[in-house]
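Data first, discussion second: the structure below is written as structure tokens.
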Amino acid sequence: SSLAQDGEGWRAVSDNGAHLRFALPIDAEGRITAFAAGADAAGAIAPILGSDGAALEGAANVDAEGLAPAPDGGWFISLERNHRLLRIARAGWAGPGFAGPPQSGFEGLEPNGGMEALERLSDGRLLAIAEYGPAGAQAAPPYWLLAPFQSAPAAPAGRFAVPAGFGVTEA
């Protein structure tokens with residue numbers, strides 16, 4: 001669903017609740033020469049863990065979509081269906097996740113058309129964007145601007161005007 005660079009290579013998250021660390025060695029000509037999956041504590045492909053330390057389970061909870069670095073060296077993951085942000089601590093992906101900055105304003109969003117794109121902006125805030133608006137692919141999707149460690153729920157900051165039928169999937 002999303003990938004981002006970390007200090008050891010790349011991270012990817014999938015919409016079935018898994019993550020992967022990998023390297024893409026590049027030669028002098030700028031060509032990718034190999035794909036090398038890294039081994040985390042649980043193996044090369046490992047489950048994303050919730051706040052209880054257990055793997056995320058159930059279609060409504062595992063649908064990871066966006067991935068953005070946290071200022072403390074951890075990660076934020078956007079999840080749709082059960083729309084929310086999850087924070088992975090700096091210590092890594094083998095430990096429990098934590099609730100990310102809370103948002104409001106999910107009313108009317110389709111279960112599989114909500115918290116999709118996620119990006120950390122240059123000022124440190126997070127930009128989170130829904131895939132679709134309240135009327136599905138015919139409506140402007142809401143977006144949120146969030147302080148990474150805020151505790152008060154944030155309402156959408158606005159809506160993106162996108163062509164009908166276009167879903168935002170990455171930022």
Side-chain angles (χ1 to χ4, degrees), residues 1-23 38 40-42 46-57 60-109 111-134 140-160 162 167-171:
S1 290
S2 187
L3 49 100
Q5 279 189 299
D6 72 8
E8 301 172 0
W10 293 84
R11 281 280 176 186
V13 294
S14 72
D15 57 6
N16 66 356
H19 70 91
L20 170 69
R21 187 180 77 224
F22 62 95
D40 287 320
I48 298 169
L49 305 180
S51 59
D52 61 358
L56 301 178
E57 292 182 352
N61 292 315
V62 301
D63 198 358
E65 296 296 346
L67 180 63
D72 65 356
W75 292 91
F76 288 103
I77 302 169
S78 61
L79 295 112
E80 64 179 1
R81 297 182 197 228
N82 178 2
H83 311 298
R84 68 201 187 282
L85 295 178
L86 182 69
R87 181 173 62 88
I88 303 297
R90 179 184 180 100
W93 296 74
F98 304 92
Q103 311 100 282
S104 63
F106 297 117
E107 299 81 14
L109 295 183
N112 200 27
M115 287 302 299
E116 183 82 20
L118 185 64
E119 184 63 54
R120 184 169 161 211
L121 303 175
S122 61
D123 66 3
R125 293 181 300 165
L126 295 170
L127 169 64
I129 311 169
E131 186 172 4
Y132 301 116
Y143 68 89
W144 295 260
L145 293 170
L146 307 156
F149 301 110
Q150 73 185 40
S151 57
R159 295 190 179 277
F160 277 104
V162 296
V168 176
T169 59
E170 189 64 87

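One finds the CZ atom of Phe76 at 9.5 Å from the CG atom of Leu86 (value rounded to the nearest 0.5 Å). Going from atom OG of Ser1 over to atom CD of Glu170 covers 9.0 Å, rounded to the nearest 0.5 Å. Taken from CZ in Arg120 to CG in Leu67, the straight-line distance is 12.5 Å, to the nearest 0.5 Å. Once rounded to the nearest 0.5 Å, the distance linking CH2 of Trp10 with CZ of Arg21 reads 15.0 Å. With values rounded to the nearest 0.5 angstrom, Gln103 atom CD is found 4.0 Å from Leu85 atom CG. Taking NE2 from His83 and CZ from Phe106, the interatomic distance works out to 6.5 Å, rounded to the nearest 0.5 Å.
Side-chain contact between Pro148 and Pro71 is present, with at least one heavy-atom pair separated by less than 4.5 Å. With contacts defined as side-chain heavy-atom distances shorter than 4.5 Å, the pair Ile48/Val62 does not qualify. Side chains of Ile129 and Glu116 form no contact here, defined as non-hydrogen atoms less than 4.5 Å apart. Looking only at side-chain heavy atoms (C-beta outward), Leu118 and Ser2 stay at 4.5 Å or farther from each other. Within the 4.5 Å cutoff, no side-chain heavy atoms of Ser14 are placed close to those of Glu65. Here the side chains of Pro156 and Trp144 are in contact, with some heavy-atom distance below 4.5 Å. Looking only at side-chain heavy atoms (C-beta outward), Leu145 and Leu127 come within less than 4.5 Å of each other. At a threshold of 4.5 Å between non-hydrogen side-chain atoms, the residues Leu20 and Arg11 do not count as touching.
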List the steps, then state whether side-chain contact (heavy atoms from CB on, under 4.5 Å) holds for Leu109 with Glu107. CA-CA 6 Å; Leu109 295 183; Glu107 299 81 14; over 6 Å; no
Kindly determine whether Glu80 and Glu131 satisfy side-chain contact (heavy atoms from CB on, under 4.5 Å), including the steps that lead there. CA-CA 9 Å; Glu80 64 179 1; Glu131 186 172 4; 3.5 Å; yes
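In the displayed structure, Glu57 atom CD is contacted under 6.0 Å by at most 12 heavy atoms of other residues, nucleotides or ligands.
When atom types are taken as modelled, the side chain of Arg87 and the backbone of Ala99 share no donor-acceptor pair closer than 3.5 angstrom. Remark: the backbone N or O of Asp123 is not paired with any side-chain donor or acceptor of Arg125 at under 3.5 angstrom. The backbone N or O of Gly66 sits less than 3.5 Å from a side-chain atom of Ser78, completing a donor-acceptor pair.
Screening Asn61, Asp63, Asp15 for a side chain to side chain donor-acceptor pair (under 3.5 Å) with Arg81, the sole residue that qualifies is Asp63.
Nearest approach of Pro142 to Arg159, heavy atoms of both residues: CD-NH1, 3.3 Å.
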